[in-house]
Every structure is written in C-alpha cells, then in structure tokens.
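Working notes, beginning with the structure itself.
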Amino acid sequence: MNILAIETSCDETALSIIQTNETNTENPNFSILSDLVISQIEVHAEYGGVFPALAKREHAKNLVPLFEQSLKNAGLYTKKQTESTEHPVVKEILDREPELYNDLMILISQITQPNIDMIMVTHGPGLAPALWVGVNFARALSELWNIPIVPVNHMEGHVTSILLKEKYLNEQNALLDIKTFHFPMLSLLISGGHTQLVLVKNWGDYEIIGETIDDAVGEAFDKVARMLGMEYPGGPKISLAAEKGQENQVINLPRPMISSGDYRFSLSGLKTAARYLIDDLKKEDSLDEQTIADTAYEFQNAVTEVLIKKTSKAIEEYGAKGLIIAGGVSANTFITKSFREKMNEYNAALYLPEKKLCGDNALMIATAGYINYWHNNKKATISQNELVAVSNLKL
Ligand code: KG4
Ligand code: ZN
C-alpha cells in the first residue's frame, strides 16, 4: 500500500510517499519511498514573516513539480503517449488555483495512473490560503484517481514526528517501536504559530492543558530577531548569536507569567520589554556585536526558563512518563539542552524529533495519519467533497 502525504499549512511545500506492507495494528511500520520539502523562506524574508497570499502562490507553483519528482523517487512514474486531458470536476475543485490545474493536467496527460492507495493531507491548523492549496490538490488527485483521503492535524504531525528514526531514509522500518512508549506523556509544541502544552494520553488522544494567550514562541523569536537587525526567520539567528552571549548586569528581561501557577504562556510582554531595551541601547549607540549577543542570550534564556518552569510543573502534576518537544523551535539546542538537564530530575524520558524533521515536513503528516489509521484503528477516510481546510483546527 502506497500513501501520499501533503503538507502546505505555512511556508513549506512538502510531499512524501510511504509504503506499508502490513496492516498489523500491533506493530505498525512503514518505509519511505520519497520525502521532499521546498522551503519558501527566501520568498518571505523580505516581508519579515510569512505572507499568506505569497505562500498560496508558491504552493500552487511548487506542488506539481514536487509531485512529479516524488513519483520518480518512489518508482511510481510511468510515461505514456501524451493525450490531452480536460476534467471539469477537477477544474472546479482547482477553480482558485488555475495554474495548479494547468500544471496538473499537463502531468496527467503524460503519465499512467500511479499506484497510490491513500492520501493524507494537513487540513489545519495553519494559514487558510496556504492550507487550501494542499487540500484542493488532495481533492483533485482523489477525484481523478478515486483515492480515499485521511485528513491530518498539523500539530499531531509535530507530536508524532519524534517516532521517525534517525536513519529513517534507509530503513525498512522507519518508525520507532510504539510499544516502547509509556503514557501519559506531555508534549511541548513550540513553533511559529503555536505554543502549547499537551497531555498525550495515548497516540491520537490529546488534551491541551495550556497555551499562549498572545504570541507563539517562534513568533517572539522572529520579532525580537528583527529588532536586532536579523532576517526572517530570526529564530535560528538568535540562537546562533546567543552562543557568543552571556548574562550581564545591564541586559535583563522579564519571565512573563513564570509564577502564574497555570499553564498559560504570554510572550508579548517579553517582546515589548525587549523592544524598550533594544531602543535604549540604540539611543546610547551601544548596540554592538557583543551587546546583540548578550541580548539574544538573555531573551533565549528568559523564554527557556518559562518553558521549563511550566513544563516541569505539568510533568509533576500529571505524572508524565515522557516529554515530547516538537515544532520548529525544537531545533533550538539551547532550549533542548536545558530541558535535557532538567529532565534528569524526573523519571521522564525526553523525545525530540530528528533535526531535519523539526520544521514542517510531510513525513510527520504521514506518520500522524498512519498512526491514527492503523494503530488507533480509526480507519476513517473521507471523500474529496467532504474535505475542508480548518485554519484554527484544535488537537
Ligand atoms: O514548525 P515551524 O517550521 O512552522 C510553523 O508551523 O510555525 O516553525 C517555524 C518557527 C519560526 O518561527 C522559526 O524562527 C522557529 O521555528 N525556529 C527557531 C529555530 N529554528 C526555527 N526558533 C528558535 N531557535 C531555532 N534554532
Ligand atoms: Zn509546524
């Protein structure tokens, strides 16, 4: 059985194809035939953030070439005598992505129907215009070749991304043995759009116990980076600058809501405090390289302390046996190293995604869809006309 996974919720266009030979719910696993991501970072950099209309346009432009390459990687690409194709229903589905329709029809006119048995696609949460491109692409393929669809929650993708093994690309069994995990676990999801503490009662069974009331962690990193003159996405640039920074007397930032006693986060106050601090430093003409590094260090440290305090409290309260940190910001090694040190105090294992899978990708969408479909035995597929994008979809 071959499964195509599609991810377009933000600024990465990603497709992967996985293959599973068994429908063994006890020991689910798959191998990876193709895994491709096109990042739009450069397109968005000059806007200082992801620009939804641009993201939509880029996804529409990228999807067919990426799909063609995915089929080639997976050995599912077979040329045929070209015959011109029109498809009124598919044209209707892709009414708002006419260029995607044209590209797709050209490809369809040149290849035989590939052996794809199921489509798993991110239908939320994310930027609505971006999500809809992937959703409509899935609907078009489903309509063309009569393939059932499994809608996937992007955040569940991040949670289950930790199941993918290090050398997964060469593995027959790309997934860790899910029987080795003990519940309940906690998941700290930190990305450009989300900051959530999630109680993981089992795979597929989640409860959000707290989230940010304003900015997401990645968003705060990106905004403070911009104040320090760094390009979007600023998260990685802050962490790089912070490596040369240190604590000092002058540069102090607050740890918002650190003692609030609940699991809510707030980052906009920290961002504002950083703005005042940076403005003052600029006025004094003292924003030199070392001061930038020290500010980056202090900001990263403030965020980390708040994340650790709240997560530790939740681990105790819920008796969590494991902690999953995922989402784009989980690529931050200062944060993950600090957590690793702290976790030694608890009897809880720490699970992180492979570096390559911290950002958005379609492999995690395949994993979440697969785990739900087989392990949880939900076996729920829908047809193309039932599929919609839900930008504020909850776990
Ligand atoms: O999960 P993701 O790829 O996309 C969303 O779904 O949001 O997360 C992207 C976010 C961006 O805000 C980016 O700056 C941040 O993750 N990020 C980092 C690091 N690498 C990526 N933030 C801090 N430190 C990093 N090393
Ligand atoms: Zn994400």
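Count residues from 1 along the sequence. Counting starts at 1 for both ligands and their atoms, in listed order.
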Check each atom of ligand 1 against the heavy atoms of [X] and keep those under 4.0 Å away; list them by number with element.
X	result
G359	3 (O)
G193	7 (O)
A331	20 (N), 26 (N)
H158	1 (O)
P233	14 (O)
F221	23 (C)

Around the Zn ion (ligand 2), how many protein N/O/S atoms fall inside 2.8 Å?
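Near the Zn ion (ligand 2), the number of protein N, O or S atoms below 2.8 Å is 3.
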
Return yes if some donor-acceptor pair links the side-chain N/O of [X] with the main-chain N/O of [Y] below 3.5 Å, else return no.
X	Y	answer
Y297	E243	no
S187	L189	no
K321	N347	no
K310	R264	yes

Short N/O distance, under 3.5 Å, between [X] and ligand 1?
X	value
G235	yes
C358	no
G218	yes
G234	no

How far is [atom] from the closest protein heavy atom, and which atom is that?
atom	answer
atom 24 (N) of ligand 1	N332 ND2, 3.1 Å
atom 15 (C) of ligand 1	V329 CG2, 3.9 Å
atom 6 (O) of ligand 1	D360 OD2, 3.3 Å
atom 9 (C) of ligand 1	G192 N, 3.8 Å

For ligand 1, is there an atom lying under 4.0 Å from some heavy atom of [X]?
X	value
P236	yes
Q300	no
H154	yes

Sub-4.5 Å side-chain heavy-atom contact between L163 and F181
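In contact.
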
Can you tell if the side chain of V303 reaches within under 4.5 Å of the side chain of V217, non-hydrogen atoms only?
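Answer yes - side chains close enough.
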
Against Y206, only a single residue in Q196, K201, E156 fulfils side-chain hydrogen bond (donor to acceptor under 3.5 Å, both in side chains); can you say which?
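Option passing the side-chain hydrogen bond (donor to acceptor under 3.5 Å, both in side chains) with Y206: E156.
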
Grab the two heavy atoms, one from [X] and one from [Y], that are nearest each other, plus how far apart they are.
X	Y	answer
G319	P184	O-CG, 4.1 Å
D294	G245	OD1-CA, 3.3 Å
A140	I93	N-CG2, 4.0 Å

Side chain to side chain contact (heavy atoms under 4.5 Å, CB included) partners for [X], two or more places apart:
X	value
K355	A331, T333
R57	L54
D279	R275

If hydrophobic clusters are built from ILVMFWY residues whose side chains come within less than 4.5 Å, do L350 and I162 share one?
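Not linked; separate clusters.
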
May I ask you to identify, for D222, whether its side chain, its backbone, both or neither come under 4.0 Å of ligand 1 on a heavy-atom basis?
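The answer is the side chain of D222.
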
Taking the basic N atoms (NZ, or NE/NH1/NH2) and the acidic carboxylate oxygens, is any pair closer than 4.0 Å for E58 and K61?
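A salt bridge is present here (some side-chain N lies under 4.0 Å from a carboxylate O).
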
For atom 8 (O) of ligand 1, state which one of P125, C10, G328, A326 supplies the nearest heavy atom.
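Among P125, C10, G328, A326, the closest heavy atom to atom 8 (O) of ligand 1 comes from G328.
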
